[in-house]
Amino acid sequence: MSDPGTLALAAAASVATDLPAGDGLAALAAAGGSADWWVVGEPADWGFVRRNADYLGVGALLTIGLTFASILLGFVVGFPAGAVEVYGDGLLKRAVSTVGIVLRGTPIVVILIVMYFVVGVPQINLGVASISSAMTAGILGLGLRSAAYQSQIFRASLSSVDEGQLEAGRSIGLSRFEAVRYVVVPQALRRSIPGFQNEFTIVLKDTSIVFAIGLAELLTRGYDLFSEQTTAVLEVILFISAIYFVLTFTTNRALDYLGDRYAIPEGESA
Amino acid sequence: MSDDDFLRVTDVSKWYGDEKVLEDVSFEMDRGDVTVLIGPSGSGKSTMLRCVNRLAEAQEGSILLDGEEVLSPDLDVDELRREVGMVFQGFNLFAHLTAVGNVALGPRRVLGLSETAARERAEEQLERVGLADQLDSYPAELSGGQQQRVGIARALAMEPKLMLFDEPTSALDPELIGEVLEVMHGLVEEGMTMLVVTHEMSFAREVADEIVFLDDGRVVERGPPEQLFDRPEEERTGRFLERIASHD
Amino acid sequence: MASATRPATVRERVADADRSVGRLLLVAAGALFWGWLVASWVNRWLGGVLVPVGQPLIPAGAVETAFAAIPGFAAYAADAAFVVELTPELSRGTWLTVVITAVSLVLGFFIAVPLAVTRVYGRFSAWLSLAYTELLRGTPLLAQLFVLYYGLNLASYVPGAFSGVFARDVVWVAILGFTLNGAAYQAEYIRGALESVEEGQITAGRAIGLSKLETIYYVVLPQGLRYAIPSWTNEFVYLIKYSSLAAFITVPELYYRADQIASETFRYTLIFVVTGVTYLALVLTASKLMERVEERVSIPGLGADSEE
Ligand SMILES: Nc1ncnc2c1ncn2[C@@H]1O[C@H](COP(=O)(O)OP(=O)(O)OP(=O)(O)O)[C@@H](O)[C@H]1O
Ligand SMILES: [Mg+2]
């Protein structure tokens, strides 16, 4: 694929026609008849998956990197945006909330395409390594969309902190900004953890959609593999789905732990 | 004690895990009797009441209602609950239904009455508890006293032969208690058989045929109100009554 | 401090006025959008009663001339004409987007309710339900669509009765995928809502002689489903947006058609901005619609206004 972006949909159609008819269910049915009924697919095709595990592993790493970079960008932009929606006023507040509505109301695939073709982000050269323009577009698209959602998480948690907290901060001589910074924000951040957890797994799963701009992360690599060996379609997709599942599952458990660890003893919110 | 007791509870015991919350509880009632269960918090009054309509399962003993064994594993509990009405401390009105909807749900879905017949019956019962003008209000739009009267009407609409009341007035503001007790008074006069848990001692004295004093899951003492209130035989009964009186 | 308060109220009043003008503009835009959509659909179904099938409702040339005549807009005349030329294809795609979303949402709901009920009240089945929701919520939707389409090749197994309803059978594969996926998310929302129904409601239901199932049906679900409406709105919006992924299994919905035109004309910017705006209009309509639903079925003391 020389220009993966434009070709993604066309390729999707061509692989479909390449597939031997009935291959998938037949594989399941064949498995049903064999002795090892619980094994889905053919041993030979699982061998193909095993031989390409490294290739998929690199894809998984890219997926993880893309997730972290997007979440980070989402936080850096989303947190101030949430604060503006709570404490700001006038034009700035309305601009922020309008951009948020647009980003939350548009499919991520459209956002990614717009980033890739419209904004036309260039390849970024860091000397030692370079970030492809698809990667930059992916991080920008996923990150800004995530910012729009994270702003809502922080908006909710900031406004859930009792009014009295701010007043108490002012009463000991803090400025408004300081009171927000040292009293409200620490409480709000902790309350954001459950929403943040949700957002993290959404971004992780949605990295698969950079398939649309041909970025070679996990799903795209899986796709390339089964386009090459069409008998192994089911095996490849199940394998990468399992990787995604392990990633979301461990992320959730890790953030659960973080939530427990930093939970504020009850009574604080009363 | 006669063979034709309407409700006869004999040696009922109940455990929650290792904790014995009822121990050999026995008492009996005739048709039309009013029995009041009293006792300190945690003594097992609610549990005893709930054993009678099998919302709680007693492990030992016997509860005969109209000659039938309530604790029998073969008994149809839904059938039993059709015949035994219950009124809750926290009202437990169905939050998504109006007053009429609350009262009509049982007749419609359990007794299988038609939509109109169920509504008619619900209106009758609400009139009976003095709520003819609040038929279409939702629970959240009613005062506590009104909610509890809907709760009573809901139980009455099933035409029960026994009514259970679990502290029907203790969640109410003092000025709302009277209207609920008044409705209960009316039921006594109509001859309803009632098993009541309450801390309203003057009400108990007025209407009860028998008072049963429970402590720690055991019946400490029972007898007619005059005897139990004025000349308690057990020291524990006296102490409990004194404590209650000092709160009034 | 006092001087800072006064300008703020003035600003607020201005903002209020702005907002009502904004609302009016939004309503007008919504009416225009849906009017155009429905008119194009009807035109196509009736075989071109208004304009020949495939032609925009308003001739692109006319739009171009009109724009050119307005001072300041002349520079955009060609673009405007191009957008008008897009509309027949986009409205066709939007129809499929709307149908896929609506059908999957409703079908998913009927799977989600039993899933949620067994999750809350079941024993063994609670584990099955948990496994299902965790698996579907733990893997990307696009991967799930790939499993159904490429992995199982379901498009060639569409039963005769369903085959031919849509121009391409693969639409059914997309509907199946979104239904199965959406059911998992909906089940999670409904579970939360069921759990927020008070225990006493169940006790009261049992006490008047309703069976456990009857109590769930007549008492718990009517309350729980009302609690679930706000999150159901989220699910609706989610499905509208993610139905675009059907394009990657060759379903010719909105995004697919946009991408096709873009790869022929290379006018990515304009096409995808228009596509984005179309999705946005669908999403905003859905949330307004659900707001109305919530108002219609609201009961004093239940859900949002329970604090009153
Ligand atoms: N579902 C339950 N599981 C475990 N223990 C229970 C349960 N219900 C009641 N108990 C225990 O059984 C004992 C009796 O409780 P019960 O509610 O019957 O008391 P009560 O006399 O009604 O008290 P109160 O006046 O506070 O209502 C208490 O120790 C209580 O903690
Ligand atoms: Mg009690």
Side-chain angles (χ1 to χ4, degrees), chain A residues 6-10 12-13 15-16 19-28 41 89-90 94 101-102 104-111 113-114 116-118 201 204-209 211-212 218-219 222-223 226-227 230 233-238 240-242 244-249 252, chain C residues 8 11-12 14-15 18-19 22 134-135 137-144 146-157 170 237-238 240-245 247-250 254-256 258-260 262-263 266 268-273 275-284 286-287:
Chain A
T6 43
L7 291 180
L9 282 188
V15 169
L19 284 176
D23 173 62
L25 276 195
L28 276 184
D89 54 18
R94 281 170 65 196
I101 288 172
V102 169
R104 288 190 299 274
T106 313
I108 183 64
V109 62
V110 173
I111 297 176
I113 289 281
V114 167
Y116 189 67
F117 288 105
V118 180
T201 50
L204 179 55
K205 282 180 286 178
D206 280 358
T207 55
S208 62
I209 301 173
F211 175 79
L218 185 53
L219 187 82
Y223 182 87
F226 72 66
S227 313
T230 51
V233 175
L234 192 60
E235 291 82 353
V236 170
I237 309 180
L238 288 181
I240 62 171
S241 298
Y244 277 113
F245 185 75
V246 169
L247 289 178
T248 51
F249 191 83
N252 271 329
Chain C
R11 243 201 331 255
E12 262 165 33
V14 173
D18 275 12
R19 229 170 278 136
E134 285 292 301
L135 263 181
R137 283 161 24 96
T139 50
L141 175 54
L142 190 53
Q144 290 163 19
F146 279 12
V147 169
L148 298 181
Y149 182 65
Y150 296 120
L152 298 175
N153 195 15
L154 284 187
S156 43
Y157 294 90
V170 67
V237 166
Y238 165 92
I240 292 173
K241 291 189 296 173
Y242 284 75
S243 66
S244 56
L245 297 186
F248 296 97
I249 58 169
T250 72
L254 178 55
Y255 177 80
Y256 184 92
D259 191 84
Q260 275 201 326
S263 60
F266 295 99
Y268 283 91
T269 317
L270 199 52
I271 290 172
F272 282 108
V273 167
T275 308
V277 169
T278 309
Y279 275 109
L280 192 61
L282 293 178
V283 163
L284 290 179
S287 15

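The chains referred to below are lettered A, B, ... by the order of the sequence lines, with proteins before strands, and numbering in each begins at 1.
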Please flag which part of [X] lies under 4.5 Å from any non-hydrogen atom of chain C: side chain, backbone, both or neither.
X      : value
A:L219 : side chain
A:L218 : neither
A:N252 : neither
A:S208 : both

Measure distances from C:Y242 to the heavy atoms of chain A and classify the residue's part below 4.5 Å as side chain, backbone, both or neither.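 Interface part for C:Y242: side chain.
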Given a strict heavy-atom distance threshold of 4.5 Å, which part of C:L282 is in contact with chain A: side chain, backbone, both, or neither? neither
Side chains of C:Y268 and C:D259: donor-acceptor distance under 3.5 Å anywhere?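 Short answer, no.
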Minimum heavy-atom separation for [X] and [Y], please, with both atom names.
X      : Y      : result
C:A286 : C:I240 : CB-CD1, 3.6 Å
C:F272 : A:V110 : O-CG1, 3.7 Å
C:A258 : C:T275 : CB-OG1, 3.2 Å

Quick one: which of C:L280, C:L245, C:V170, C:V283 has the most heavy-atom pairs under 4.5 Å with chain A, could you say?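 When all of C:L280, C:L245, C:V170, C:V283 are compared, C:L280 has the most.
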Working for ring pair (Phe, Tyr, Trp, His ring centres under 6.0 Å), residues A:Y223 and A:F226: CA-CA 5 Å; A:Y223 182 87; A:F226 72 66; 5.2 Å; yes
Kindly say whether A:T248 contributes a backbone atom to a donor-acceptor pair with the side chain of A:K205 at under 3.5 angstrom? no
Under 4.5 Å, counting heavy-atom pairs only, tell me which of A:V236, A:V109, A:V102 racks up the most with chain C.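 Top option by heavy-atom pairs under 4.5 Å: A:V109.
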